[in-house]
S.K.: 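Pasting a structure here, questions to come.
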Amino acid sequence: MEEEQKIYEQRGVEDYVRYQLEHENEPFLPGAAFPFVKALEAVNTRLRELYPDSEELFDIVLMTNNHAQVGVRLINTINHYNLFIERFCMTGGKSPIGYLKAYHTNLYLSSDAEKVQDALEEGEWIAAATIFSSDCATEVSDTQLRVAFDGDAVLFSDESEQIVKAHGLDKFFEHEKAHENNPLAHVLLCLQGPLKCFLEALGKLQKKFYAKGQRLECPIRTYLVTARSAASSGARALKTLRSWGLETDEALFLAGAPKGPLLEKIRPHIFFDDQMFHVEGATEMGTVAAHVPYGVAHKFRKPAEKREPAK
């Protein structure tokens with residue numbers, strides 16, 4: 001919607017709506033989240049085959065501050081790409097964030113960093129992230145949803161990052177060793193990371209496939225991709241997940257090495273990280289990545305990234 005956005009910014013809302021009406025039979029081009037949405041729908045197809053009477057599926061809601069009249073073009077686009085999105089929330093210029101709880105949102109994705117920050121500040125742990133596309137997007141699976149998560153300040157609290165920033169790496173390693181058996185969510189009254197609730201939702205659906213003896217053929221695969229070192233601080237991360245009754249299919253400890261090359265091999269539909277340099281490194285290698293503005297690095301400011309997010 002780059003052309004449409006220019007019309008809105010340069011000529012105003014009336015010309016913007018008029019343009020959309022005049023072009024409502026022209027589908028929008030796929031955006032950064034398109035492969036992710038297609039993978040969610042592939043999982044739903046498998047779930048309906050195994051549980052024809054169950055309503056426990058991914059429920060995709062299109063949320064936009066567009067005028068309601070733009071809805072016709074959005075509907076035409078969804079039908080053009082054979083997507084199954086039945087619920088819309090079009091707020092006519094107002095932020096849709098206030099509706100997230102009413103829709104029981106587990107994950108909110110947007111190219112608008114301020115809306116993402118507002119979603120995280122809504123409380124009750126609505127997972128939210130700013131999505132970025134790649135100019136050289138890697139081909140991803142059509143049949144298996146793959147989601148990769150950073151650990152600290154994404155799945156876990158930012159407790160450990162606070163210690164690194166305040167006292168350095170040596171104190172961090174000492175702290176992790178001393179608290180190896182204490183879950184990251186409970187030490188120092190820290191909270192869980194904002195993406196924990198989305199991992200829980202993925203895990204709940206994975207178990208429906210496991211119950212049918214399809215663990216190895218499960219169409220959902222999750223990855224922990226962290227800069228932590230396995231030897232010095234990896235055990236605590238894994239034990240924290242275990243204490244929550246959660247797991248990831250793969251755990252990759254990089255000990256500070258770049259994440260982009262490994263993500264290129266994994267080929268996830270989306271990767272979540274709280275550090276923009278990891279997000280940029282991922283997109284440079286062809287991975288769609290999402291920035292989670294949470295933790296000590298973002299505590300006292302709104303996100304103000306210079307890079308343009310996906311449109």
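Along the sequence shown, residues carry numbers from 1.
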S.K.: Are there over 12 heavy-atom neighbours, none belonging to Tyr8, within less than 6.0 Å of that residue's OH?
M.R.: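 For Tyr8, atom OH is not crowded (no more than 12 foreign heavy atoms under 6.0 Å).
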S.K.: With a 4.5 Å cut-off on side-chain heavy atoms, are Phe88 and Leu74 touching?
M.R.: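 Touching, per the 4.5 Å side-chain cut-off.
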S.K.: Less than 4.0 Å between a side-chain N and a carboxylate O, is that true for Lys259 and Glu280?
M.R.: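 Salt bridge: no.
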S.K.: Starting at NZ of Lys196, measure out to CG of Asn106 and round the result to the nearest 0.5 Å.
M.R.: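 It is 12.5 Å, given to the nearest 0.5 Å.
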S.K.: What I'd like to find out is whether the side chain of Leu241 reaches to under 4.5 Å of the side chain of Glu247, using heavy atoms alone.
M.R.: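 They are not in contact (no side-chain heavy atoms under 4.5 Å apart), so the answer is no.
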S.K.: Can you see which heavy atom on Met90 is nearest to which on Gly71, and at what distance?
M.R.: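 So the minimum-distance heavy-atom pair works out to SD-CA, 3.5 Å.
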S.K.: Where is the tightest heavy-atom contact between Phe271 and Asp150, given as atom of each residue plus distance?
M.R.: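 Nearest pair, atom of Phe271 first, then Asp150: CE1-N, 3.9 Å.
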S.K.: Could you go through Phe209 and Leu50, starting from their C-alpha distance and side-chain angles, then the distance that decides it, and tell me whether this counts as side-chain contact (heavy atoms from CB on, under 4.5 Å)?
M.R.: CA-CA 8 Å; Phe209 291 98; Leu50 294 175; 3.5 Å; yes
S.K.: Between Gly286 and Ser134, which heavy-atom pair has the shortest distance, and what is it?
M.R.: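 Looking at all heavy atoms of both residues, the shortest contact is CA-OG, 3.3 Å.
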S.K.: Answer yes when Glu14 and Arg18 have at least one side-chain N-carboxylate O distance shorter than 4.0 Å, and no when they do not.
M.R.: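 Salt bridge flag = no for Arg18 with Glu14.
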S.K.: Would you kindly check if the NZ (Lys) or CZ (Arg) of Arg146 is within the cone defined by 45 degrees around the ring axis of Tyr223 and under 6.0 Å from the six-membered ring centre?
M.R.: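 That pair does not qualify as a cation-pi contact.
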S.K.: Any chance you could lay out the side-chain contact (heavy atoms from CB on, under 4.5 Å) test for His278 and Gln275, step after step, and finish with the verdict?
M.R.: CA-CA 6 Å; His278 286 312; Gln275 301 291 338; 3.8 Å; yes
S.K.: Just do the side-chain contact (heavy atoms from CB on, under 4.5 Å) check on Phe272 and Ile131 with the steps written out, would you?
M.R.: CA-CA 9 Å; Phe272 296 96; Ile131 190 167; over 6 Å; no
S.K.: Which distance, rounded to the nearest 0.5 Å, do you find between the CD1 of Ile78 and the CD of Glu86?
M.R.: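 Those atoms lie 10.0 Å apart.
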S.K.: State plainly whether one hydrophobic cluster holds both Met285 and Ile270, where clusters connect Ile, Leu, Val, Met, Phe, Trp and Tyr through side-chain heavy atoms under 4.5 angstrom apart.
M.R.: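 No: no chain of side-chain contacts under 4.5 Å links Met285 to Ile270.
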S.K.: For a 4.5 angstrom cut-off between non-hydrogen side-chain atoms, does Leu263 reach Val225?
M.R.: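 They are in side-chain contact.
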S.K.: Filter on side chain to side chain donor-acceptor pair (under 3.5 Å), then keep only pairs touching residues 201-220, sequence neighbours left out; what's left?
M.R.: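 Side chain to side chain donor-acceptor pair (under 3.5 Å) check on residues 201-220 returns Arg46-Gln214, Glu56-Lys204, Glu56-Lys208, Gln206-Asp249.
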S.K.: What pair of heavy atoms forms the shortest contact from Ala119 to Leu100, and how long is it?
M.R.: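 That would be CB-CD1, 3.6 Å.
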S.K.: If only atom types and distance count, is the side chain of His269 paired as donor or acceptor with the main-chain N or O of Leu145 below 3.5 Å?
M.R.: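 No: the side chain of His269 does not pair with the backbone of Leu145.
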S.K.: Output, in order, the C-alpha distance, side-chain angles, deciding distance and verdict of salt bridge (Lys or Arg N to Asp or Glu O under 4.0 Å) for Lys38 and Asp142.
M.R.: CA-CA 7 Å; Lys38 291 289 284 185; Asp142 292 329; over 6 Å; no
S.K.: Taking the six-membered ring of Phe84 (Phe, Tyr or Trp), confirm whether the NZ or CZ of Arg48 is under 6.0 Å from its centre and within 45° of its axis.
M.R.: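 Yes, Arg48 sits over the ring of Phe84.
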S.K.: Please tell me if the side chains of Leu205 and Leu47 come closer than 4.5 Å, counting only heavy atoms from C-beta onward.
M.R.: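 SC-SC contact between Leu205 and Leu47 confirmed.
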S.K.: So, the side chain of Thr287 versus the backbone of Thr283: is there a donor-acceptor pair under 3.5 Å, distance only?
M.R.: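 No; zero donor-acceptor contacts below 3.5 Å.
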S.K.: Grouping I, L, V, M, F, W and Y whenever their side-chain heavy atoms are under 4.5 Å apart, do Phe149 and Ile266 come out in a common cluster?
M.R.: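 As far as the 4.5 Å side-chain criterion goes, Ile266 and Phe149 are not connected within one cluster.
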S.K.: Is there side-chain contact between Asp273 and Val292, with at least one heavy-atom pair below 4.5 Å?
M.R.: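 Of all side-chain heavy-atom pairs linking Val292 with Asp273, none is under 4.5 Å.
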S.K.: Through direct or indirect side-chain contacts below 4.5 angstrom among Ile, Leu, Val, Met, Phe, Trp and Tyr, which residues connect to Phe277?
M.R.: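 Members besides Phe277: none; it forms no cluster.
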S.K.: Quick check for you: to the nearest 0.5 Å, what is the distance between Cys218 atom SG and Gln144 atom CD?
M.R.: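 Rounded to the nearest 0.5 Å, the SG-CD separation comes to 7.5 Å.
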S.K.: Ignoring hydrogens and geometry, is there a side-chain-to-backbone donor-acceptor pair from Asn44 to Phe58 under 3.5 Å?
M.R.: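 A pair under 3.5 Å: yes.
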S.K.: Do you know the tightest heavy-atom contact between Tyr103 and Cys89?
M.R.: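 The answer is OH-CB, 3.7 Å.
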S.K.: Does a donor on one side chain and an acceptor on the other come within less than 3.5 Å for Tyr16 and Gln20?
M.R.: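 On atom types as modelled, these side chains qualify, holding a pair under 3.5 Å.
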S.K.: Has the side chain of Arg267 got a donor or acceptor atom that lies under 3.5 Å from a matching backbone atom of Glu139?
M.R.: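 Between the backbone of Glu139 and the side chain of Arg267 there is a qualifying donor-acceptor contact (under 3.5 Å).
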S.K.: Might you point out which heavy atoms bring Leu238 and Ala251 nearest each other, and give the distance in Å?
M.R.: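 Of all heavy-atom pairs spanning Leu238 and Ala251, the closest is CD2-CB, 3.9 Å.
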S.K.: Which label fits Trp244 and Phe156: parallel for a plane angle under 30°, tilted from 30 to 60°, or perpendicular past 60°?
M.R.: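 Judged by the thresholds at 30° and 60°, the geometry between Trp244 and Phe156 is tilted.
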S.K.: Could you tell me whether the side chain of His23 and the main chain of Tyr19 form a donor-acceptor pair under 3.5 Å?
M.R.: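 Between the backbone of Tyr19 and the side chain of His23 there is a qualifying donor-acceptor contact (under 3.5 Å).
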S.K.: Quick check: is Val61 connected to Tyr99 through a chain of hydrophobic side chains (ILVMFWY, heavy atoms under 4.5 Å apart)?
M.R.: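 Yes; Val61 is reachable from Tyr99 via cluster members.
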S.K.: Would you give the length of the straight line joining atom OG1 of Thr77 to atom CG of Leu83, rounded to the nearest 0.5 angstrom?
M.R.: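 The OG1 atom of Thr77 sits 9.5 Å away from the CG atom of Leu83.
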S.K.: I want to check something: taking the side chain as every heavy atom from C-beta on, are Val116 and Pro293 in contact at a cut-off of under 4.5 Å?
M.R.: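 Yes; the side chains approach each other to less than 4.5 Å.
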S.K.: Can you find a pair of side-chain heavy atoms, one from Tyr108 and one from Ile97, that are under 4.5 Å apart?
M.R.: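 Tyr108 reaches Ile97 side chain to side chain.
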S.K.: Has the side chain of Thr105 got a donor or acceptor atom that lies under 3.5 Å from a matching backbone atom of Lys101?
M.R.: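 Flag not set: sc Thr105 to bb Lys101 has no pair under 3.5 Å.
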S.K.: Should the heavy atoms of other residues, nucleotides or ligands under 6.0 Å from OH of Tyr81 be counted, would the total exceed 12?
M.R.: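 Enclosed: over 12 neighbouring heavy atoms sit under 6.0 Å from OH of Tyr81.
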S.K.: Which value, rounded to the nearest 0.5 Å, describes the distance between Glu250 atom CD and Leu224 atom CG?
M.R.: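 Glu250 CD to Leu224 CG: 10.5 Å, rounded to 0.5 Å.
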S.K.: Would you please test Glu4 and Phe28 for side-chain contact (heavy atoms from CB on, under 4.5 Å) and show each step?
M.R.: CA-CA 10 Å; Glu4 291 84 350; Phe28 292 113; 3.7 Å; yes
S.K.: Can you tell if the side chain of Leu120 reaches within under 4.5 Å of the side chain of Ile126, non-hydrogen atoms only?
M.R.: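 Of all side-chain heavy-atom pairs linking Ile126 with Leu120, none is under 4.5 Å.
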S.K.: Using the rule that Ile, Leu, Val, Met, Phe, Trp and Tyr join whenever any side-chain heavy atoms are under 4.5 Å apart, tell me whether Leu199 and Leu57 fall into a single cluster.
M.R.: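 Yes, because Leu199 and Leu57 connect within a single hydrophobic cluster, where side-chain heavy atoms sit under 4.5 Å apart.
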S.K.: Starting at CG of Leu202, measure out to OG1 of Thr248 and round the result to the nearest 0.5 Å.
M.R.: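 Interatomic distance, Leu202 CG to Thr248 OG1, rounded to 0.5 Å: 11.5 Å.
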S.K.: For Glu41, enumerate each residue passing the side chain to side chain donor-acceptor pair (under 3.5 Å) test, keeping only those at least two apart in sequence or located in another chain.
M.R.: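 With sequence neighbours excluded, Glu41 shows a side chain to side chain donor-acceptor pair (under 3.5 Å) to no residue whatsoever.
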S.K.: Would Leu262 end up clustered with Phe253 when hydrophobic side chains under 4.5 Å apart are linked, directly or stepwise?
M.R.: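 No, no single cluster joins them.
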